Novice: 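Quick one: structure below, then a few questions.
Given the structure is predicted, the values throughout are model-derived calculations rather than measurements. As the structure lists them, so they are numbered: ligands from 1, and atoms in each ligand from 1.
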Amino acid sequence: MLTKVKTAQEIVAMRESGRQLATVLQYLSEEITPGMTTKDLADLAAAKLKQLGGKPAFLGYYGFPDVLCVSVNSEVVHGIPGNYVIQDGDIVSMDFGVVVDKMITDGAITVVAGTTKNQKVSKLISATEQSLYAGIEQLKGGVRVGTVANAIEKVLKKQQLGIVRDLVGHGVGHELHEDPNIPNYGQAQTGPVLQAGMTIAIEPMATLGTEKVYCDRDGWTIKTADDSLAAHFEHTILITEHGYEILTQL
Ligand code: MG
């Protein structure tokens, strides 16, 4: 389904959904500590969201068993929370989805648990986040997907990071994944046209190695093929006539 131009009422619901999502991710980034398990993070997310009033969008999605995706180090996305104990210096990506009044937002952050002295890790995380904002800055009614994709690609290429190609951003709102796909590489002025009132999730995924990834035996976790470290950032954004509104930001 092509992502729809949302009604004023749907946008109100998505703003609230995005506010709750950002609140939970902010909370997790403050609470994450070496010694916690990835399941602890998911349980904190579930409890916080319950307090805020929204519903988790990922739980049960194609059978996903939890509310939060937690992907550590060479895991790129879709990690299942479990009994892994987070170590000092681990890179932890947390991807979360929230439903309010049937409207969905999707967002992710990557943080270092504890501290790292590895400058490459800091570069990976900051450049991946920067590439997300470079893509977002292109948004306005009438922009083509390739222009957004190209802006993301340029930032990641400049830092010589691997750009994951097998997974992409997407329309979002009524469903967690709607058309069109929003890749993290591409040619400017090509691809589908995005209209004011559409809502999309942009989500660059980058590695310190190659772009190659594979799916773990658990059927969910996407990992880098060369075991290199990976980062992931994501926002849900409303496209407006002359710009954009980031919904998953406080
Ligand atoms: Mg997404």
Novice: What's the shortest heavy-atom distance between Leu156 and Ala127, and which atoms?
Specialist: CD2-O, 3.9 Å

Novice: If you measure from the Lys or Arg side-chain nitrogens to the Asp or Glu carboxylate oxygens, is any gap between Arg15 and Glu245 under 4.0 Å?
Specialist: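 Yes, this pair counts.
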
Novice: Need one value: angle at the Mg ion (ligand 1), His170 atom NE2 versus Asp106 atom OD2, rounded to 10 degrees.
Specialist: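 Roughly 90°, rounded to 10°.
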
Novice: By atom name, which N, O or S atom of Glu203 is the nearest to the Mg ion (ligand 1)?
Specialist: OE2

Novice: Taking just the N, O or S atoms of Glu234, which one is nearest to the Mg ion (ligand 1)?
Specialist: OE2

Novice: Flag the pair Lys123 and Glu129 as a salt bridge only when some basic side-chain nitrogen lies within less than 4.0 angstrom of an acidic carboxylate oxygen.
Specialist: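 Between Glu129 and Lys123 there is no salt bridge, as every charged N stays at least 4.0 Å from the carboxylate O atoms.
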
Novice: Can you name the one residue among Tyr244, Tyr133, Phe96 that meets ring pair (Phe, Tyr, Trp, His ring centres under 6.0 Å) with His235?
Specialist: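 Result for ring pair (Phe, Tyr, Trp, His ring centres under 6.0 Å) with His235: Tyr133.
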
